[in-house]
Amino acid sequence: QVQLVESGGGLVQAGGSLRLSCAASGSIFSINIMNWYRQAPGKQRELVAGITSGGSTNCADSVKGRFTISRDNAKNTVYLQMNSLKPEDTAVYYCNINYKSSYSTNTYFEVWGQGTLVTVSS
């Protein structure tokens with residue numbers, strides 16, 4: 001069983017910063033991709049940023065230059081540094097990983113965190 005524990009959400013004023021963390025634990029041999037998604041009220045869940053095991057990153061155009069994704073492979077943890085926050089960044093942020101449970105398998109599994117709420121006031 002693999003679990004993701006997210007932290008770092010909260011209420012912040014526009015222009016402020018927050019840092020989200022997501023720690024994975026359980027039967028993990030290796031993690032390929034780690035992602036952050038978000039879902040605002042009444043909207044579909046969208047990919048915010050992703051990072052591969054080698055450190056390659058991608059992010060949504062709406063957060064480029066403001067958000068930075070990083071990971072600590074030794075801790076199985078992914079971070080999302082969010083700067084210059086805007087009210088439209090208000091959403092529940094979800095961590096998502098793609099992992100293998102053992103060396104001998106070629107099957108990757110996906111797991112989601114429970115979400116952490118980020119509220120940006122104007």
Side-chain angles (χ1 to χ4, degrees):
Q1 190 82 5
V2 171
Q3 290 186 326
L4 303 181
V5 178
E6 298 147 338
S7 60
L11 174 63
V12 64
Q13 288 189 333
S17 298
L18 283 174
R19 188 192 194 210
L20 305 183
S21 298
C22 172
S25 62
S27 301
I28 298 171
F29 171 73
S30 65
I31 300 175
N32 184 14
I33 299 172
M34 306 183 85
N35 299 307
W36 284 100
Y37 284 77
R38 68 185 180 186
Q39 187 166 19
K43 295 188 177 181
Q44 288 189 331
R45 191 172 297 190
E46 63 174 355
L47 178 65
V48 176
I51 184 167
T52 69
S53 57
S56 296
T57 63
N58 68 286
C59 64
D61 288 342
S62 59
V63 305
K64 278 182 180 176
R66 301 188 297 122
F67 291 10
T68 302
I69 189 170
S70 62
R71 64 190 281 175
D72 184 332
N73 290 328
K75 296 181 179 180
N76 286 340
T77 300
V78 61
Y79 305 96
L80 186 68
Q81 179 66 43
M82 305 185 293
N83 299 327
S84 302
L85 282 161
K86 304 175 181 180
E88 51 263 44
D89 294 318
T90 295
V92 177
Y93 284 71
Y94 297 92
C95 177
N96 163 270
I97 69 167
N98 193 258
Y99 72 97
K100 282 203 312 183
S101 59
S102 69
Y103 171 80
S104 59
T105 182
N106 288 322
T107 302
Y108 281 85
F109 298 94
E110 184 180 43
V111 65
W112 289 85
Q114 80 286 355
T116 185
L117 177 62
V118 172
T119 303
V120 184
S121 63
S122 57

Side-chain contact, heavy-atom cut-off 4.5 Å: V12 with M82? no
Are any of the side-chain heavy atoms of F29 and T105 separated by less than 4.5 Å? no
Scan I69, N96, D72 and name whichever one has a side chain to side chain contact (heavy atoms under 4.5 Å, CB included) with V78. I69
Can you tell me which residue among E88, K86, R38 is in a side chain to side chain contact (heavy atoms under 4.5 Å, CB included) with S62? R38
Is I97 close to N76 at the side-chain level, that is, under 4.5 Å between some pair of heavy atoms? no
If you measure from CG on L4 to CE on M34, what distance do you get to the nearest 0.5 Å? 7.0 Å
Backbone of T52 reached by a side-chain donor or acceptor of R71 within 3.5 Å: yes
Donor-acceptor check, side chain of T116 to backbone of Y93, threshold 3.5 angstrom: yes or no? no
W112: which other cluster members, linking ILVMFWY side chains closer than 4.5 Å, directly or transitively? Y37, L47, V92, Y94, L117
From C22 atom SG to Q3 atom CD, the distance as rounded to the nearest 0.5 Å: 11.5 Å
When rounded to the nearest 0.5 Å, the distance separating CD1 of I28 from CD of Q1 is 11.0 Å
Hey, does V2 have a side-chain heavy atom less than 4.5 Å from the side chain of F109? no
Are the side chains of F67 and L85 in touch, meaning some heavy atoms are under 4.5 Å apart? yes
Do Y79 and Y99 share a hydrophobic cluster, counting only Ile, Leu, Val, Met, Phe, Trp and Tyr and linking them when any side-chain heavy atoms are less than 4.5 Å apart? no
One should read off an interatomic distance between E110 CD and N32 CG, to the nearest 0.5 angstrom, of 11.5 Å
I'd like to know whether CD of Q39 has more than 12 heavy-atom contacts from other residues, nucleotides or ligands below 6.0 angstrom. yes
Non-hydrogen atoms of A14 and S122 that approach each other most closely: CB-CA, 4.4 Å
Residues V5 and Q114: closest non-hydrogen pair is CA-OE1, 4.3 Å
Calculate, to the nearest 0.5 Å, the distance between atoms OG1 and CG belonging to T68 and L80 respectively. 8.0 Å
Could you tell me the separation between the OG atom of S27 and the NZ atom of K100, rounded to the nearest 0.5 Å? 14.5 Å
A24 versus I31, closest heavy-atom pair with distance: CB-CD1, 4.1 Å
